[in-house]
Asks: 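First the structure, then my questions, so here it is.
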Amino acid sequence: MVEPLASNPTPKIKLLGWGAVLGFSYALALRLLPALHLVHEGYVMTLSFIGLMPFAVGFITIFIIEKRQRQSLLTWACVPWIPMAGALLATLLVYLEGVICIVMLAPLALILSTIGGVAGGVTARQMVLRRSRNLSLACVMVLPVLIGPWEPFAMEQRELRSVENVIDIQAPAETIWHNIERVPAIRREELPVTWTRRIGFPDPIEATLSHEGVGGVRNASFQGGIVFTETVDTWEPARRLGFSIRADAIPRTTLDEHVTIGGPYFDVLHGEYRLEKLPDGNTRLHLRSQQRLSTDFNWYAHLWTEAVMSDLQYRILRVIKNRSELRP
């Protein structure tokens, strides 16, 4: 049976709202599946969830609207942002996700919801057979749930990545060395206010050292009770300081489980300071860290993990620079 698109007199705002409500409900229902133990806990860290879910939200929203009343391409592209943003905000308000996770997911989710909206509009407008249109809608809705359970076994990747920051300091290497082997308590006003603080990433507090030389143990503490044990494996005074890193204390209330350092998806493994003496008597300080990233979507996740690490390292280097240049 051939069914033309309906010419529905329903007011446009009411129709758009109805589509947005359905898209929002679908997104929230998928996010509740792991919370209700209906799928494995890692489901929200699969490409099926972060990729197909936003696409499906956009598809459902526009498909429902377009099937009843023709809409513009601008509507296809922009209206899916309403249910997608609403779902992200709802998961934040009910403590299913933290601010950091929402900030990281939002750009990708909004883009994919737009793509899904355009696909939903094309499907509703071009497919004249009602059965074909409904089958397309059903497939889009169930794919995230069908693919998610087996995806980690087929797609999970483990990568080692590095981030390096550099800063020039108007001080000799020997002075800077004393400010990196141990880091006395950092006052909040010493740290530059950057985007990572604004989204809730904990500030560094201090780093102690058990004894000088290889084998010495640095305890690096951050706000929220976070503590890292850093075991020195390279000790070259005024030249290089390297250490392995182990997350010893990460309270669950401090970082969202999906971005916890030392968790299944992300870890910081090694850090190194390198001091480069410049011809003018100043020093170039390098801070490099190595991270492990284990997700189904490292191609996207690494953009955020590297940005966060780079910002954190920049803040630490600024503290060292300011302290070193204030030498008597």
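These figures come from a predicted structure and were not determined experimentally. Here, residue 1 is the first one in the sequence, and each next residue gets the next number.
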Asks: Is Val39 linked to Val94 within one hydrophobic cluster, defined over Ile, Leu, Val, Met, Phe, Trp and Tyr using a side-chain heavy-atom separation of less than 4.5 Å?
Replies: yes
Asks: So, for Ser324 and Thr175, which heavy atoms are closest and what is the spacing to 0.1 Å?
Replies: O-CG2, 3.9 Å
Asks: Are Leu160 and Leu303 connected in the hydrophobic side-chain network, where two residues link if heavy atoms are under 4.5 Å apart?
Replies: no
Asks: Within a 6.0 Å radius of atom CH2 on Trp235, are there more than 12 heavy atoms belonging to other residues, nucleotides or ligands?
Replies: yes
Asks: Counting only N and O atoms by type, is there a donor-acceptor contact under 3.5 Å from the side chain of Asp311 to the main-chain atoms of Val308?
Replies: no
Asks: For the CH2 atom on Trp81, are there more than 12 heavy atoms of other groups (residues, nucleotides or ligands in this structure) within a distance under 6.0 Å?
Replies: no
Asks: From Arg315 CZ over to Glu190 CD, what is the distance, rounded to the nearest 0.5 angstrom?
Replies: 11.5 Å
Asks: Would you mind reporting whether Val118 and Ile62 have side-chain heavy atoms less than 4.5 Å apart?
Replies: no
Asks: Evaluate the side chain to side chain contact (heavy atoms under 4.5 Å, CB included) criterion for residues Ser136 and Val140: first the C-alpha distance (whole Å), next the side-chain angles of each, then the deciding distance (0.1 Å), finally the verdict.
Replies: CA-CA 6 Å; Ser136 298; Val140 169; 5.7 Å; no
Asks: Begin with the C-alpha distance, continue with both residues' side-chain angles, and end with the deciding distance and a verdict on side-chain hydrogen bond (donor to acceptor under 3.5 Å, both in side chains) for Gln291 and Ser289.
Replies: CA-CA 7 Å; Gln291 304 89 41; Ser289 62; 2.5 Å; yes
Asks: How many angstroms lie between atom CG of Leu209 and atom CD1 of Ile180, to the nearest 0.5 angstrom?
Replies: 11.0 Å
Asks: Within the 4.5 Å heavy-atom criterion, are Leu52 and Leu47 side-chain neighbours or not?
Replies: no
Asks: I need the Glu159 CD to Ser294 OG distance, nearest 0.5 Å.
Replies: 9.0 Å
Asks: Measure the OG-CD1 distance between Ser25 and Ile60 for me, rounded to the nearest 0.5 Å.
Replies: 9.5 Å
Asks: Is any side-chain heavy atom of Ile111 less than 4.5 Å from a side-chain heavy atom of Phe55?
Replies: no
Asks: Treating Gln126 as the side-chain partner and Ala124 as the backbone partner, does any N or O pair qualify as donor plus acceptor under 3.5 Å?
Replies: no
Asks: Can you give me the closest heavy-atom contact between Pro202 and Gln223, atom names plus distance?
Replies: CB-O, 3.3 Å
Asks: Could you tell me if the side chain of Leu275 sits less than 4.5 Å from the side chain of Arg239, heavy atoms only?
Replies: no
Asks: Yes or no on side chain to side chain contact (heavy atoms under 4.5 Å, CB included) for Arg197 and Asp203, after CA distance, side-chain angles and deciding distance?
Replies: CA-CA 7 Å; Arg197 174 187 281 184; Asp203 288 339; 3.1 Å; yes
Asks: Drop me the distance from Thr283's OG1 to Lys321's NZ, to the nearest 0.5 angstrom.
Replies: 10.5 Å
Asks: Any donor and acceptor pair, going by atom type alone, linking the side chain of Asp280 with main-chain N or O of Asn282 inside 3.5 Å?
Replies: yes
Asks: Checking the side chain of Asn322 only, and the main-chain atoms of Arg318 only, is there a donor and an acceptor separated by less than 3.5 Å?
Replies: yes
Asks: With side-chain hydrogen bond (donor to acceptor under 3.5 Å, both in side chains) as the test, would you mind laying out the steps for Asp296 and Thr46 before giving the verdict?
Replies: CA-CA 6 Å; Asp296 300 353; Thr46 63; 5.1 Å; no
Asks: Will you find, in the side chains of Ser162 and Arg288, an N or O donor that is under 3.5 Å from an N or O acceptor?
Replies: yes
Asks: Between Arg240 and Glu276, is a salt bridge (Lys or Arg N to Asp or Glu O under 4.0 Å) present by the stated rule, with each step listed?
Replies: CA-CA 9 Å; Arg240 289 177 64 209; Glu276 177 187 351; over 6 Å; no
Asks: Could you tell me whether a side-chain N or O of Trp177 sits under 3.5 Å from a main-chain N or O of Pro237, the two making a donor and an acceptor?
Replies: no
Asks: Provide the closest heavy-atom pair for Gly23 versus Thr61 in the form atom of the first, atom of the second, distance.
Replies: CA-OG1, 3.5 Å
Asks: For the pair Thr208 and Arg218, evaluate side-chain hydrogen bond (donor to acceptor under 3.5 Å, both in side chains) and give the outcome as yes or no after the intermediate values.
Replies: CA-CA 5 Å; Thr208 62; Arg218 299 171 92 239; over 6 Å; no
Asks: When clusters are formed by joining ILVMFWY residues with side-chain heavy atoms under 4.5 Å apart, either directly or through shared neighbours, do Met309 and Trp299 land in the same one?
Replies: yes
Asks: What closest approach, in Å, do Ile147 and Ser48 show between heavy atoms, and which atom pair accounts for it?
Replies: CG2-OG, 3.2 Å
Asks: With a 4.5 Å cut-off on side-chain heavy atoms, are Val319 and Leu191 touching?
Replies: yes
Asks: Do Tyr43 and Pro144 have side-chain heavy atoms sitting under 4.5 Å apart?
Replies: yes
Asks: Would you say the side-chain atoms of Ser72 pair up with the backbone N or O of Thr75, donor to acceptor, closer than 3.5 Å?
Replies: yes
Asks: Quick one: are Asn179 and Val183 in side-chain contact, heavy atoms under 4.5 Å?
Replies: no
Asks: Around atom CZ of Arg182, are there more than 12 heavy atoms from other residues, nucleotides or ligands closer than 6.0 Å?
Replies: yes
Asks: Going only through I, L, V, M, F, W and Y residues with side-chain contacts under 4.5 Å, is there a path from Phe201 to Ile205?
Replies: no
Asks: Check step by step if side-chain hydrogen bond (donor to acceptor under 3.5 Å, both in side chains) holds for Asn165 and Ser310.
Replies: CA-CA 7 Å; Asn165 292 69; Ser310 180; 3.2 Å; yes
Asks: Would you mind reporting whether Leu92 and Glu97 have side-chain heavy atoms less than 4.5 Å apart?
Replies: no
Asks: Taking the six-membered ring for Trp, are the ring centroids of Phe222 and Phe228 within less than 6.0 Å of each other?
Replies: yes
Asks: With side chain to side chain contact (heavy atoms under 4.5 Å, CB included) as the criterion, how do Tyr26 and Leu22 come out once you've worked through the C-alpha distance, each side chain's angles and the decisive distance to 0.1 Å?
Replies: CA-CA 6 Å; Tyr26 174 82; Leu22 290 178; over 6 Å; no
Asks: Would you check, one step at a time, whether the test salt bridge (Lys or Arg N to Asp or Glu O under 4.0 Å) holds for Glu66 with Arg125?
Replies: CA-CA 7 Å; Glu66 184 69 26; Arg125 183 175 295 185; 3.0 Å; yes
Asks: Indicate the atoms forming the closest heavy-atom contact of Pro80 with Ser113, along with that distance.
Replies: CB-O, 3.4 Å
Asks: Tell me which one of His286, Gln290, Gln313 satisfies side chain to side chain donor-acceptor pair (under 3.5 Å) with Glu164.
Replies: His286
Asks: Check whether Thr234 reaches the backbone of Gly242 with its side chain - one donor and one acceptor, N or O, closer than 3.5 Å.
Replies: no
Asks: Could you check whether the rings of Phe63 and Phe59 sit parallel, tilted or perpendicular, using 30° and 60° as the cut-offs?
Replies: parallel
Asks: Go through Phe49 and Leu30 one step at a time and tell me if the side chain to side chain contact (heavy atoms under 4.5 Å, CB included) criterion holds.
Replies: CA-CA 8 Å; Phe49 183 80; Leu30 283 193; 4.1 Å; yes
Asks: Establish, yes or no, whether the cationic atom of Arg292 lies under 6.0 Å from the six-membered ring centre of Phe266 and within 45° of the ring axis.
Replies: no
Asks: Rounded to the nearest 0.5 Å, what's the gap from NE2 on His40 to CG on Leu33? Could you check?
Replies: 10.5 Å
Asks: Between Ile245 and Gly271, what is the shortest heavy-atom contact and its length?
Replies: CD1-N, 3.7 Å
Asks: Quick check: is Leu73 connected to Leu16 through a chain of hydrophobic side chains (ILVMFWY, heavy atoms under 4.5 Å apart)?
Replies: yes
